[in-house]
Amino acid sequence: MEEKQRAAEEGGEEERKGWARKAWESIRAVRERSPLVQCITNFVSMDLMANTLLAGGASPAMVHCLQEIPDFTPHADSLCINIGTLSPDWVLSMKASASLAAEKGRPWVLDPVAVSASDFRMTVCLDLVQLRPTVIRGNASEIMALSSASLGPNKDFQWAGESLFKGVDSSHGTMDAVEAARSLAQRSGAIVAVSGAVDVITDGQRVVGVCNGVAMMQRITATGCAVTALIAAFVAANPSNPFEATACSLSIFGVAGELGMDMAKGPASLRMHMIDSLHGLDEPTLLSRVNITSLSG
Ligand SMILES: Nc1ncnc2c1ncn2[C@@H]1O[C@H](COP(=O)(O)OP(=O)(O)O)[C@@H](O)[C@H]1O
Ligand SMILES: Cc1ncsc1CCOP(=O)(O)O
Ligand SMILES: [Mg+2]
């Protein structure tokens with residue numbers, strides 16, 4: 001019995017080390033290739049998102065003007081679409097850009113911020129899901145609401161508590177969202193990532209959990225938006241495996257949060273130290289801290 005337990009623990013450590021190695025290779029690829037990431041994002045997140053991309057080794061560009069999309073999107077290595085401060089003219093840009101990215105075979109990532117805040121937001125998000133995002137990253141409440149709505153209006157199946165949620169912060173834990181995420185991934189063809197204390201990533205079959213980060217990250221606005229953009233950079237630089245790239249980017253962002261927290265006095269200084277830590281992340285630190293494990297076969 002003891003022997004079996006030891007073997008399982010050793011297996012777990014071997015798996016963790018394997019993921020840590022992948023995480024290091026994936027950030028190296030971002031640093032080497034410096035992918036150009038086009039962001040159509042909310043006003044709140046623009047600064048943190050651009051600085052997170054730069055600290056991670058990517059090149060951010062906040063370009064949302066409809067007239068610029070045909071010239072710009074084909075040159076971007078990936079695209080991040082975030083519905084946080086939505087308005088009708090931006091929806092046109094989002095759809096044009098997502099269609100072009102898909103046409104060119106470029107990855108694009110969707111952040112369904114506060115998707116259940118209004119019918120308008122939900123309808124736009126469902127339309128965007130039809131344009132086949134490579135990755136969808138939201139918090140638990142957002143993924144549960146989007147997954148439920150994507151089943152269609154006549155389906156009587158509802159995720160518990162989903163209708164109570166209206167704001168940008170989650171009122172659910174990520175473990176409540178595993179089945180919703182898996183179901184959304186299967187129906188959309190996207191990798192679905194649910195952020196929280198344990199980030200959950202699924203391609204509809206495999207499910208992994210990322211146990212990095214600190215709770216204080218939730219007290220800084222736009223950390224979720226920023227990690228979605230980081231996913232877009234990682235998927236661009238590691239195109240052959242978007243599932244692994246997504247898990248690695250969430251883990252790396254979490255590690256930056258952990259390192260930043262060692263120096264921070266509160267949310268404002270954590271924001272600064274997190275960016276510094278992401279920029280300075282080295283191989284030994286990453287190899288010892290990445291904490292990704294399978295949650296199912
Ligand atoms: N309780 C927590 N412990 C550790 N990390 C967390 C916790 N809550 C959120 N995070 C991290 O903070 C980042 C933003 O996630 P989250 O707050 O869920 O997104 P959003 O801002 O979209 O609601 C993610 O990298 C996530 O892993
Ligand atoms: C506060 C707020 N309001 C509209 S978008 C936004 C930022 C949300 O950022 P995040 O989803 O990363 O918490
Ligand atoms: Mg969010």
Side-chain angles (χ1 to χ4, degrees), residues 23 39-53 55-56 62 64 80-87 90 94 109-118 120-121 124-125 135-146 165-177 180-181 192-201 208-234 246-262 264 267 270-271 273-275 277-278 281 289-293:
C39 305
I40 304 181
T41 192
N42 66 74
F43 299 110
V44 185
S45 70
M46 285 182 182
D47 179 281
L48 183 62
M49 185 178 284
N51 278 304
T52 299
L53 285 168
M62 279 45 194
H64 53 254
C80 173
I81 293 184
N82 177 306
I83 63 158
T85 49
L86 203 55
S87 65
W90 280 37
M94 288 173 180
V109 181
L110 174 65
D111 190 326
V113 181
V115 64
S116 54
S118 67
F120 176 58
R121 222 172 254 254
V124 168
C125 232
V135 183
I136 303 170
R137 194 296 311 172
N139 62 41
S141 297
E142 290 159 349
I143 295 300
M144 289 160 83
L146 182 59
F165 177 73
K166 291 276 179 205
V168 302
D169 296 321
S170 188
S171 48
H172 299 89
T174 53
M175 289 305 149
D176 298 339
V192 175
V194 192
S195 60
V198 179
D199 304 311
V200 171
I201 300 95
V208 295
V210 174
C211 300
N212 290 112
V214 292
M216 183 78 82
M217 290 164 80
Q218 282 176 312
R219 310 310 301 169
I220 307 168
T221 192
T223 46
C225 306
V227 79
T228 303
L230 197 63
I231 291 169
F234 273 63
T246 301
C248 290
S249 50
L250 278 155
S251 176
I252 285 169
F253 191 66
V255 169
E258 292 167 12
L259 298 170
M261 199 64 217
D262 291 341
L270 175 57
R271 187 184 193 277
H273 290 304
M274 202 170 65
I275 293 170
S277 300
L278 180 58
L281 211 50
R289 285 205 179 236
V290 164
N291 194 355
I292 306 177
T293 49

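Atoms within each ligand, like the ligands themselves, are counted from 1 in listed order. For the numbers below, each heavy atom of this structure counts, side chains included, while hydrogens, waters and symmetry mates do not. Note that the numbering runs from 1 along the sequence shown for the chain.
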List the closest protein heavy-atom neighbour of atom 26 (C) of ligand 1: residue, atom name, distance to the nearest 0.1 Å. Asp199 OD1, 3.5 Å

Just to confirm my output: which protein heavy-atom neighbour is closest to atom 23 (O) of ligand 1, and how far is it? Asn139 ND2, 2.9 Å

Indicate yes or no: at least one non-hydrogen side-chain atom of Ile231 is less than 4.5 angstrom from one of Phe253. no

Distance, nearest 0.5 Å, that separates CD1 of Ile292 from CG of Leu250: 8.5 Å

Looking only at distances, please establish whether an N/O atom of ligand 2 is found under 3.5 Å from an N/O atom of Val113. no

Rounded distance [0.5 Å steps], OG in Ser195 versus CD1 in Ile201: 9.5 Å

Interatomic spacing from CE in Met49 to OG1 in Thr223 - rounded to 0.5 Å: 11.0 Å

Polar-atom distance check: Ser195 versus ligand 1, any N or O pair below 3.5 Å? yes

Among protein heavy atoms, which lies nearest atom 25 (O) of ligand 1, and at what distance? Phe253 CD2, 3.3 Å

Taking only heavy atoms of Thr223 into account, list the atoms of ligand 2 that are under 4.0 Å away from them. 12 (O)

To the nearest 0.1 Å, how far is atom 3 (N) of ligand 2 from its closest protein heavy atom, and which atom is that? Val168 CG1, 3.8 Å

Val210 and ligand 1 - part of the residue with a heavy-atom distance under 4.0 Å: neither

I need the atoms of ligand 2 closer than 4.0 Å to a non-hydrogen atom of Thr221, numbered in the order shown. 1 (C), 7 (C)

Rounded to the nearest 0.5 Å, what's the gap from CZ on Phe234 to OG on Ser251? Could you check? 9.5 Å

Contact atoms of ligand 1, heavy-atom distance to Gln218 under 4.0 Å: 1 (N), 8 (N), 9 (C), 17 (O)

Using a strict 4.0 Å cut-off to heavy atoms of Gly213, name the atoms of ligand 1 that fall inside it. 4 (C), 5 (N)

Could you tell me which non-hydrogen atom of Ile143 sits nearest to which non-hydrogen atom of Ala181, and how far apart they are? CG2-CA, 3.9 Å

Protein contact of atom 2 (C) of ligand 1 - nearest heavy atom, named by residue and atom, plus distance: Ala197 CA, 3.4 Å

Nearest heavy-atom approach of Ala23 to Val290 is CB-CG2, 3.8 Å

Distance col, row Leu259:CG vs Met274:CE, nearest 0.5 angstrom, shows 11.5 Å

Output yes when the distance from some N or O of ligand 2 to some N or O of Gly84 is under 3.5 Å, and no in every other case. no

Structural part of Asn212 in contact with ligand 1, heavy atom criterion under 4.0 angstrom: backbone

Within a distance under 4.0 Å of any heavy atom of Ala215, pick out the atoms of ligand 1 and give their elements. 1 (N), 2 (C), 3 (N), 4 (C)

Proximal candidate to atom 13 (C) of ligand 1 [heavy atom criterion; set Met217, Glu258, Met274]: Met217

Quick test of your reading of the structure: of Gly173, Gly196, Gly167, Ala226, whose heavy atom lies closest to atom 7 (C) of ligand 1? Gly196

Which ligand 1 atoms does Gly224 reach within 4.0 Å, using its non-hydrogen atoms? 14 (C), 19 (O), 20 (P), 21 (O), 22 (O)

Those atoms of ligand 2 less than 4.0 Å from some heavy atom in Gly224: 12 (O)

Is there side-chain contact between Gln218 and Asp169, with at least one heavy-atom pair below 4.5 Å? no

In the structure I gave you, are the side-chain heavy atoms of Cys125 and Leu110 within less than 4.5 Å of one another anywhere? yes

Candidate pair Trp90 and Phe120, rule ring pair (Phe, Tyr, Trp, His ring centres under 6.0 Å), full reasoning: CA-CA 13 Å; Trp90 280 37; Phe120 176 58; over 10 Å; no

Counting both backbone and side chain atoms, is some N or O of Asp169 under 3.5 Å from an N or O of ligand 1? no

May I ask whether Ser45 has any heavy atom positioned less than 4.0 angstrom from an atom of ligand 2? no

If you count the atoms of ligand 2 from 1 in the order shown, which ones are under 4.0 Å from a heavy atom of Ala222? 9 (O), 10 (P), 12 (O), 13 (O)

Looking only at heavy atoms of Val168, does any of them come nearer than 4.0 Å to an atom of ligand 1? yes

Straight-line distance of Ile136 CD1 to Glu142 CD, nearest 0.5 Å: 11.5 Å

Out of Ala226, Ala114, Cys225, Gly138, whose heavy atom is nearest to atom 11 (O) of ligand 2? Cys225

Which residue and atom name correspond to the protein heavy atom nearest atom 6 (C) of ligand 2, and how close is it? Val44 CG2, 3.8 Å

At their closest point, which heavy atom of His172 faces which heavy atom of Ser141, and how far apart are they? ND1-OG, 2.7 Å

From the list Thr228, Asn82, Asp199, side-chain hydrogen bond (donor to acceptor under 3.5 Å, both in side chains) with Arg137 holds only for Thr228

Taking distance alone, with N or O pairs closer than 3.5 Å, would you say Arg137 contacts ligand 1? yes

Can you check whether Val168's main-chain N or O pairs, donor with acceptor, with Asn139's side chain at less than 3.5 Å? yes

